[in-house]
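Down below is the structure, laid out as structure tokens.
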Amino acid sequence: MAARKKTAKPNVSKEELLQYYKDMLLIRRFEEKAGQLYGMGLIGGFCHLYIGQEAVVVGLEAAAEEGDKRITSYRDHGHMLACGMDPNGVMAELTGREGGYSKGKGGSMHMFSKEKHFYGGHGIVGAQVPLGAGLAFADKYLENGRVTFTYFGDGAANQGQVYETFNMAALWDLPVIFVIENNQYAMGTSMQRSTSTPDIYTRGAAFGIPGETVDGMDVLAVKEASEKAVAHCRSGKGPYILEVKTYRYRGHSMSDPAKYRTREEVQKMREERDAIEHVRQMLLTGKHATEDDLKAIDKEIKAIVNESAEFAKTSPEPALDELYTDIYADA
Amino acid sequence: MTNMSMVEAIRDALDVVMTKDDRVIVFGEDVGYFGGVFRCTQGLQEKHGKLRCFDTPINESGIVGTAIGMAAYGLRPCIEIQFADYMYPAFDQISQEASRIRYRSNGDFTCPMVIRMPTGGGIFGGETHSQSPEALFTHVSGLKTVLPSNPYDVKGMLIAAIEDPDPVIFLEPKRLYHGPFDGHHEAEAKTWKGHPLGEVPEGYYTVPLGKAAVRREGADVTVLTYGTMVHVALAAAEEQGVDAEIIDLRSLLPLDLETIEASVRKTGRCVVAHEATLTSGFGAELAARIQKECFYHLEAPVRRVAGWDVPYPHAQEWYYFPGPARLGQALLETLEA
């Protein structure tokens, strides 16, 4: 990934910058805690951490308005926290407890929130993409001016149903923003070994869908691109593709031998391109915050995350009769 | 009452529901302008507009996937997959998204949608236009699977399915679209004119999902069947002079076990008939249920009559199709056993 472009004078207030910092830090600390709970055996099965990609969803959410919808894949914890879902409910779903968003029935990859217009949380690569277009269709049908953020990864970008969806979304001018979170690895397969085009967004041209690529390690760049995409969709011009180049520091899921990339590559990204450190430096050099202010934020976030872990440990396991609930309306 | 074909009854049901509820939208391949390959949606776009009845590209996964998104958001999509044989690219969406959004979201989001699909053979469609995949759907928790056999039921059940809070797989036996078919392929094709179940009430009514119908009362053997085979069974019983009780299941999931068990307990004998291939077909499920619930009432083994375990043939269609001769033979053997 190229070095960070020098942004001229960032058009952002102190409050906004602090908010992005907090939002990204919450995701990172939450995910670190999830990793710990996994290591302790409190979380079982799959757990795809978002560490490294925080600027993507925080930048995108900065342009969202009340009523806008979001839908994503299985690497979904960050999206839920960024749209304001309760960390307790997310963590308790990871531990499979009654207090989880899906009462422990969904697990890490399958959570939803009607209140926050979060439509999951989907465990099959690419399967959420046509659903996102359906949500956008409903918005258009209801003429409510809302948009849908449909997230998927560089791996999903090679699934056929993504292109079925591109065609329909363009054909019907649906207000959907396709966000390709390109973290460069589909599990253990690099872009070079799986994808014919270095810039996936260019595939939209075949359907007449405009798009662009954006530096996903720079929350302000993502925010700016997101605002442009949202304005396009909200004005009735149809879909837009944002390919956000990002990087995940951790493995694909929890058991990842990490043989497909070097330790140095990961280390270099962490040291030179980290999105949270970037904002931290902007806060300090712009004199928007002191080291002490940032320490206080750190403490505040640590408390939220610890509380979520405590809740996730102590919330009861779902009752046995939950096995048969929420399968049909009358059962 | 108006005499209608199944096609007309389906069209009428869609019109009634679209008029009643503007959340209902109808789409699929050739569904809008063309009116559907079997004409089931003819005239709906003209009447209800292009936003409520429209054509899609040929992409089944995308059709089902977008419909799920609409349903999760509160619309009531009723989509058409042109032939049940075309649903395989969408099977991921059907079996893992539509069926489980309610469960996985703890009831936050649901999927009130209907997927209509013409099913079964009898029209020389060959292996990719004749299949009966109902057992693939009944194997998935969270789906309802129904298969009406006449115009009266198809209208009432389609309205009930669209109003149902859960995803419904709505299989339409394509050989019955224009008339009842008893398996005598050499005979002249009949229409629904003059058939009592071709008489369809005007306007709104429902036939509840999950209720079987006794098409012929009888004392000696129970026939459990659905779709085209209902008409074959009636003919077979008549031709062999067997006093069979013929049950049209109509709805496979939910299944009307009460009606099934009461009948088998009464007759003590049971033949299960379907057009789909034998092995792992829905008949296996029925046979297993009966032996569990009616074991001490049975006087003969439960017999299955089904398509052979081969791809649906083209030229040899009538060797594959379990017609009245094959079913009649099974009735006689079950009575003698």
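Reckoned from all heavy atoms, side chains included, excluding hydrogens, waters and symmetry mates. A, B, ... follow the sequence lines: proteins, then strands. Residue 1 opens every chain.
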Working to the nearest 0.5 angstrom, can you tell me the gap between B:Ile58 CD1 and A:Glu164 CD?
11.0 Å
I need the B:Thr66 OG1 to A:Leu135 CG distance, nearest 0.5 Å.
10.0 Å
For A:Tyr141 and B:Arg52, does a side-chain donor sit closer than 3.5 Å to a side-chain acceptor?
yes
When rounded to the nearest 0.5 Å, the distance separating CD1 of B:Ile68 from NE2 of A:His122 is 9.0 Å
Give a yes or no on whether B:Tyr205 atom OH has more than 12 heavy-atom contacts from other residues, nucleotides or ligands under 6.0 Å away.
yes
Identify which part of A:Lys69 has an atom lying under 4.5 Å from any heavy atom of chain B, answering side chain, backbone, both or neither.
side chain
May I ask you to list the residues in residues 81-104 of chain A that approach chain B closer than 4.5 angstrom, counting heavy atoms only, ordered by number?
A:Tyr101, A:Ser102, A:Lys103
Take a 6.0 Å sphere around CD of B:Glu293 and say whether it holds more than 12 heavy atoms from other residues, nucleotides or ligands.
yes
Would you mind reporting whether B:Asp166 and A:Ile327 have side-chain heavy atoms less than 4.5 Å apart?
no
Below 4.5 Å from any heavy atom of chain B, which atoms of A:Leu142 appear? Answer side chain, backbone, both or neither.
side chain
Approximate separation, where rounding is to 0.5 Å, of B:Arg104 CZ and A:Lys105 NZ
12.5 Å
Looking only at A:Ala133, A:Gly106, A:Ala127, most heavy-atom pairs under 4.5 Å shared with chain B are made by A:Ala127
Counting only heavy atoms closer than 4.5 Å, note whether B:Ala72 contacts chain A via side chain, backbone, both or neither.
both
Rounded distance [0.5 Å steps], CE in A:Met168 versus CG in B:Asn59
4.5 Å
Region of B:Leu75 that comes under 4.5 Å of a non-hydrogen atom in chain A
side chain
Taking atom CD as the centre, does B:Glu46 end up with more than 12 heavy-atom neighbours from other residues, nucleotides or ligands that are less than 6.0 angstrom away?
no
So which of B:Ala71, B:Pro77, B:Gly142 has the biggest tally of heavy-atom pairs under 4.5 Å with chain A?
B:Gly142
Nearest 0.5 Å, what's the CE-OG distance between A:Met111 and B:Ser105?
12.5 Å
Which portion of B:Asp22 sits near chain A, non-hydrogen atoms under 4.5 angstrom
both
What part of B:Ser141 lies closer than 4.5 angstrom to a heavy atom of chain A: side chain, backbone, both or neither?
both
Minimum heavy-atom separation for A:Gly134 to B:Met70, with atom names?
O-CG, 3.4 Å
Quiz question: by atom type and distance under 3.5 Å, do the side chains of B:Gln93 and A:Gln161 form a donor-acceptor pair?
yes
ring-ring contact (aromatic ring centres under 6.0 Å, His included) contacts touching residues 43-69 of chain B (sequence neighbours left out):
A:Phe137-B:Phe54, A:Trp172-B:Phe54, B:Phe27-B:Phe54
Chain B contact via A:Leu174 - side chain, backbone, both or neither, heavy atoms under 4.5 Å:
neither
Would you say the side chain of A:Ile124 lies within less than 4.5 Å of the side chain of B:Asp92, judging by non-hydrogen atoms?
yes
Highest number of heavy-atom pairs under 4.5 Å with chain A: which of B:Val64, B:Thr110, B:Ile25?
B:Ile25
Would you call A:Tyr328 and B:Arg102 a side-chain contact if the rule is heavy atoms closer than 4.5 Å?
no
Scanning both residues in full, the closest heavy-atom pair of A:Ser113 with B:Asp108 reads CA-OD2, 3.6 Å
Heavy-atom contact with chain B under 4.5 Å, split by part of A:Phe118:
backbone
Test A:Asp139 against B:Tyr73 for side-chain contact (heavy atoms from CB on, under 4.5 Å), laying out the working first.
CA-CA 9 Å; A:Asp139 283 330; B:Tyr73 195 42; 3.2 Å; yes
